[in-house]
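Have a look at the structure below before the remarks.
For this chain, numbers begin at 1 and follow the sequence in order. Since we're looking at a predicted model, the values are computed, not measured.
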Amino acid sequence: MTIEGETMAGEFDAHERRMWAGKAVPYGRTFAALCGAAVPELVAAAGVGAGTTVLDVGTGSGTAAAAAVRLGARVTAVDAEPGMVELAAENVPGADVRHAVLPELPFPDASFDAVVANFVINHVEDPAAALAELRRVTRPGGRVAVTVWAATGNTAMGLFTEALDAAEVGRPVFPTLPVDFERTPEGLAGLLAGAGWQDPEGRQLAWTHRVSPEEFWQGPASGIANLGLVITGLPAATAALVKEHYDRIAGGRTGADGLLALPAAAVLAVARR
């Protein structure tokens, strides 16, 4: 049994594997666009360009890998979820897409000029060990760029928590990182420094995610992320009640075009090997 605030060794990673198993296609149709908005600045920060050898870690649907391929880079992409590997390989035929699980990557030392990890470091049990492994496979002088969701400035998922609260649905305690870090520019840069990276710098990213209420609902309705596990685990009548509340709340926040305008905020950090 997990006590709130405590996580057994390996429990967080095991939870992540279960949470994302079989979710590749619905993720690609829903939340991939929200996460993908950070990709242009991510690949630019890593210095990706023509001829660059790039590793995209936790590629998901392949958004960052595709951006690097378009820039003329030679791209390898990995993901811990086999379904994501299959989806990314289909979406980005110009990349070498493989299955791999941090903190152990199947590449020799100094294999890549640049490494990118878009919203990945917060999904591994030992972020410091993961960043040290990314350093190992980066050549001297190469760069890493990583993103995580910022501690503040994200209200999108609040639509779902408001709907759950309105339906009086409690939430279980899910495994958390055994050793967490501050989701701020300083916190993420410090994490990179602790893993041996040089000259780390962090900055805030902000954008507005525009999406229809129904498309946005399909993310958790498909079981994506912890909120998705909650919603898909409800009895049918309770899930329907949550959806009714969601429709009411989201419907009151759409613009004239029928779309939600959801603030999103991330932290981007870059460093040198």
CZ-CG distance between F12 and D180, expressed to the nearest 0.5 angstrom: 8.0 Å
Pairwise distance OG1(T59) to CG(D79) - rounded to 0.5 angstrom: 6.5 Å
Any side-chain heavy-atom pair of F31 and S61 under 4.5 Å: no
Side chain of Y246, backbone of P213: donor and acceptor closer than 3.5 Å? yes
What's the shortest heavy-atom distance between E215 and R29, and which atoms? OE2-O, 3.7 Å
Under a 3.5 Å distance rule, please check whether N118 uses its side chain to pair with a backbone N or O of C35 as donor and acceptor. yes
Could you check whether any side-chain heavy atom of L262 comes within less than 4.5 Å of a side-chain heavy atom of L159, counting everything from C-beta outward? yes
Taking all non-hydrogen atoms of both residues, which atom of A132 and which atom of A195 are closest, and how far apart? N-CB, 3.8 Å
If I take atom CG from residue N122 and atom CG from residue L188, how far apart are they, to the nearest 0.5 angstrom? 9.5 Å
If we ignore hydrogens and angles and just use 3.5 Å, is the side chain of R273 paired with the main-chain N or O of R135 as donor and acceptor? yes
Between V169 and I231, is there shared hydrophobic-cluster membership here, with clusters defined by ILVMFWY side-chain heavy atoms closer than 4.5 Å? yes
So which heavy atom on V39 is nearest to which on A64, and how close? CG1-CA, 3.7 Å
Transitive ILVMFWY side-chain link L164 to L260, under 4.5 Å: yes
Please examine the side chains of L191 and V146, heavy atoms only from C-beta on, and report whether any two atoms are closer than 4.5 Å. no
Close side-chain approach of W197 and L134, heavy atoms under 4.5 Å: yes
Nearest 0.5 Å please: distance from the OG1 atom of T76 over to the CG atom of L55. 6.5 Å
Evaluate the side-chain proximity of W207 to L34: yes if any heavy-atom separation is below 4.5 Å, no if none is. yes
Do the non-hydrogen side-chain atoms of L42 and F119 ever get within less than 4.5 Å of each other? no
Counting N and O atoms only, with roles assigned by atom type, does the side chain of H99 sit under 3.5 Å from a partner on the main chain of V78, one being a donor and the other an acceptor? no
One thing to verify: whether D165 and R171 come together as a salt bridge, which I'm taking to mean a side-chain N less than 4.0 angstrom from a carboxylate O. yes
Can you tell me if R183 uses its side chain to pair, donor with acceptor, with the backbone of F181 under 3.5 Å? yes
Report, as yes or no, whether the 6.0 Å neighbourhood of atom CD on Q204 holds more than 12 heavy atoms from other residues, nucleotides or ligands. yes
Are V54 and V97 linked, directly or through intermediate hydrophobic residues, by side-chain heavy-atom contacts shorter than 4.5 Å (ILVMFWY only)? no
Charged N to carboxylate O below 4.0 Å: is that the case for E214 and K243? yes
When hydrophobic residues are tied together by side-chain contacts of less than 4.5 Å, even through go-betweens, does W217 share a cluster with Y27? yes
R74 side chain vs T52 backbone, donor-acceptor pair below 3.5 Å: no
Any side-chain heavy atom of M19 sitting closer than 4.5 Å to one from N226? yes
Rounded to the nearest 0.5 Å, what separates atom CD1 in I249 from atom OG1 in T254? 13.0 Å
Give a yes or no answer on whether the side chain of W20 reaches the backbone of A80 with a donor-acceptor pair at less than 3.5 Å. no
For P127 and L177, which heavy atoms make the closest approach, and how far apart are they? CG-CD1, 4.1 Å
Does CD belonging to E86 count more than 12 external heavy atoms closer than 6.0 Å? no
Main chain of L105, side chain of E133: is a donor-acceptor contact present, judged purely on distance under 3.5 Å? yes
To the nearest 0.5 Å, what is the distance between CZ (F174) and CG (L227)? 8.0 Å
Shortest non-hydrogen pair, V48 vs A114, comes out as CG2-CB, 4.4 Å
Same apolar cluster (I L V M F W Y, side chains within < 4.5 Å links), V120/V144: yes
With a 4.5 Å limit on heavy-atom distance, are the side chains of W149 and M157 in contact? no
Looking at every heavy atom in both P220 and T232, which two are closest together, and how far apart are they? O-CG2, 3.7 Å
What verdict does the side-chain contact (heavy atoms from CB on, under 4.5 Å) test give for H15 and L229, after you've listed the backbone C-alpha separation in whole Å, the side-chain angles of each residue and the deciding distance to 0.1 Å? CA-CA 11 Å; H15 173 71; L229 294 182; 3.6 Å; yes
I'd like to know if the side chain of T155 reaches the main chain of G158, judged simply by a donor and an acceptor atom lying under 3.5 Å from each other, with no hydrogens or angles considered. no
With a sphere of 6.0 Å drawn around CZ of R139, does it hold more than 12 non-hydrogen atoms of other residues, nucleotides or ligands? yes
If only atom types and distance count, is the side chain of R143 paired as donor or acceptor with the main-chain N or O of G47 below 3.5 Å? no
